[in-house]
Amino acid sequence: MSKSGVAVLGIFVVDLAFRAGNMPAIGETIAGSGFAMGPGGKGSNQAVAAARAGAEVTFISRIGADAFGELAVKTWEAEGIRPRVSRTADAPTGAAFIYVHETRGDNAIIVVSGAADGLGAADVDAAAEAIRSSRVFVTQLEQPVAAAQRGLEIARAAGSITVFNPAPATAFDDRLFALCDYVVPNETEAEALTGIAVSDLAGARRAGDALLAKGAGTALITLGERGALFHGRDHSLHVPPFAAGKVVETAGAGDAFVGGFAAALAGGADPLEAARFGSATAGISVTRAGTAPAMPRRAEIEALLQK
C-alpha cells in the first residue's frame with residue numbers, strides 16, 4: 001500500500017482563553033486583561049500544525065451537533081484537513097478554559113472532551129483505512145485510552161510510523177509503549193510516567209531510559225524553553241530551542257512541536273532533522289496568541305531553520 005501524509009486521532013475543543021496577572025483564589029473574582037475564543041484540542045491543534053507545515057492530514061474524532069462543532073468543521077476546511085469525524089446530538093463539542101499569564105505567557109488549562117469522550121475502538125476501526133494509508137500516525141490521551149491504543153495497533157500493523165503524545169498524563173497499560181516508534185511527553189508528563197524528575201538534561205535522559213525500558217522506540221522529551229531531548233537506544237541528543245521573538249503564549253507549543261515533527265517525518269526527513277523542524281515550529285508558535293491560530297506555515301519554519 002502506498003503511504004503518504006499524517007493521520008491524527010484526537011479531540012477538537014473550543015479554547016476559551018483568559019489573560020490575567022494571576023489565577024484567582026477560590027471565592028475570588030479578578031479583572032482580566034484579555035479574552036479570545038478559537039479552535040483548539042491537542043489532536044486538532046496537531047493536525048493544523050502538520051497541515052500548515054506542508055503535510056496532507058486526516059483528522060479522526062467525534063464532535064457534537066452544535067455551534068462549536070460547526071467551528072470545528074470550518075477550521076478543518078480552512079486548513080485543508082480531511083475530517084473522518086462523527087457527530088452526535090447526545091453530547092456537546094468539547095471546550096477548554098485556558099488561563100494565560102498576561103506578561104510571561106505561562107498557562108494553566110482545564111479541558112472537557114465532550115463528545116470526543118465517547119470515542120471508542122469501533123470509531124477508530126471505522127477510520128482504519130485512513131490510518132493504514134498514512135505514513136505517520138499521531139495520537140494523544142485527551143480521548144479515551146482504548147481509542148488511542150486501537151489507533152496505534154492499526155498503524156503499527158500497517159507499518160506506519162507511530163507518534164504518541166501521552167498528554168494529559170493519565171494511567172494506561174505499559175504495553176502501549178511497545179506500539180510507539182516515538183513517545184513525545186513534556187517534562188511534567190515524562191515525570192508522571194516514570195517517577196523521575198525532569199529538571200535538567202540528565203534527568204531527561206534518565207526518564208528517557210525508563211521510557212525505552214517500557215518498550216518505546218525513541219523518547220522525544222520536550223523541555224520548554226530548553227528545547228527537547230531526542231533519546232534513542234544508540235544515542236541521546238539535545239535539540240536546541242529556536243528563538244523567533246518575544247514569547248506571548250505557550251499553550252500550543254507542544255502541539256506545534258508534535259505536528260511539525262510528524263509533518264517532517266511524513267515528508268521523508270531524518271528523525272533528528274524532523275525533531276529540529278518540530279522545535280522550530282514550536283519556537284514560532286509561542287510568539288503568537290491562540291493555539292491553532294498560532295501554528296506557523298512551512299515557509300516560516302524553513303526560514304527560521306536557515307538562520
Side-chain angles (χ1 to χ4, degrees), residues 2-10 12 15 38-60 72 74-84 130-131 133-140 160-163 165 181-182 184 220 222 224-225 227-228 230 239-307:
S2 176
K3 293 181 177 293
S4 64
V6 177
V8 181
L9 167 67
F12 171 92
D15 286 342
K42 295 195 70 64
S44 186
N45 286 344
Q46 290 168 11
V48 170
R52 290 190 179 182
E56 295 180 355
V57 179
T58 300
F59 184 60
I60 303 159
K74 290 178 181 177
T75 297
W76 301 325
E77 287 179 350
E79 302 296 343
I81 295 168
R82 295 184 298 267
R84 291 295 303 269
I131 296 172
S133 63
S134 67
R135 187 163 186 177
V136 179
F137 172 73
V138 180
T139 193
Q140 329 73 28
S160 300
I161 299 168
T162 53
V163 178
N165 174 215
D181 292 310
Y182 300 94
V184 192
L220 182 52
T222 59
E225 63 185 12
F230 188 96
V239 180
F242 286 82
K246 180 183 176 182
V247 173
V248 173
E249 186 173 328
T250 62
D255 298 334
F257 185 100
V258 171
F261 176 66
L265 287 177
D270 169 89
L272 187 57
E273 179 188 342
R276 290 186 72 250
F277 191 94
S279 185
T281 306
I284 298 170
S285 74
V286 299
T287 66
R288 302 168 179 174
T291 52
M295 302 305 172
R297 303 287 176 182
R298 184 176 189 88
E300 299 175 277
I301 302 165
E302 290 178 338
L304 182 59
L305 285 165
Q306 290 169 7
K307 286 185 177 179

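Counting from 1, the numbers follow the sequence of the chain as shown. These numbers come from a predicted model, not from an experiment.
- Side-chain contact between V57 and Q46 is absent, with no heavy atoms from C-beta onward closer than 4.5 Å.
- The minimum heavy-atom distance between A244 and G283, with the atom names listed, is CB-O, 3.6 Å.
- Checked by atom type and distance alone, the side chain of N165 pairs as donor or acceptor with a backbone atom of V184 at under 3.5 Å.
- In this structure, I81 CD1 and R52 CZ are separated by 9.0 Å, a value rounded to the nearest 0.5 Å.
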query: Do S44 and W76 pass the side-chain contact (heavy atoms from CB on, under 4.5 Å) test, and can you show the C-alpha distance, the side-chain angles, and the key distance before you say yes or no?
result: CA-CA 9 Å; S44 186; W76 301 325; 3.1 Å; yes
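- Side chain of T222 to backbone of A228: no donor-acceptor contact under 3.5 angstrom is found.
- Contacts classified as side-chain hydrogen bond (donor to acceptor under 3.5 Å, both in side chains) and involving residues 261-279 (residues at least two apart or in different chains) are not found.
- Looking at E56, its side chain never comes within 3.5 Å of a backbone N or O of A51 through a donor-acceptor pair.
- Applying the ring-ring contact (aromatic ring centres under 6.0 Å, His included) criterion to Y182, with sequence neighbours excluded, gives F261.
- Rounded to the nearest 0.5 angstrom, S160 OG and R135 CZ are separated by 10.0 Å.
- Closest approach of V286 to T250, counting heavy atoms only: CG1-CA, 4.1 Å.
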- request: Begin from the C-alpha positions of L265 and V163 and carry the test side-chain contact (heavy atoms from CB on, under 4.5 Å) through to its verdict.
  value: CA-CA 10 Å; L265 287 177; V163 178; 4.3 Å; yes
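- Here salt bridge (charged side-chain N to carboxylate O under 4.0 Å, His left out) pairs that include residues 296-307, with residues two or more places apart or in two chains, are E79-R297, R288-E300, R298-E302.
- Nearest approach of G259 to A49, heavy atoms of both residues: CA-CB, 3.9 Å.
- Note: R82 CZ to T58 OG1 = 3.5 Å, rounded to the nearest 0.5 Å.
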message: Let's go through L305 and F242 carefully: what are the C-alpha distance in whole Å and the side-chain angles of both, what is the deciding distance for side-chain contact (heavy atoms from CB on, under 4.5 Å) to 0.1 Å, and is it a yes or a no?
response: CA-CA 8 Å; L305 285 165; F242 286 82; 3.6 Å; yes
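- For A266 against V6, the heavy-atom pair with the smallest separation is CB-CG2, 3.7 Å.
- How far OG of S285 is from CG of N45: 9.5 Å, rounded to the nearest 0.5 Å.
- Nearest heavy atoms, T281 versus A256: CG2-O, 3.3 Å.
- Interatomic distance, CE of M295 versus CD1 of I301, reported as 10.0 Å (0.5 Å rounding).
- The minimum heavy-atom distance between G43 and V8, with the atom names listed, is O-CG1, 3.4 Å.
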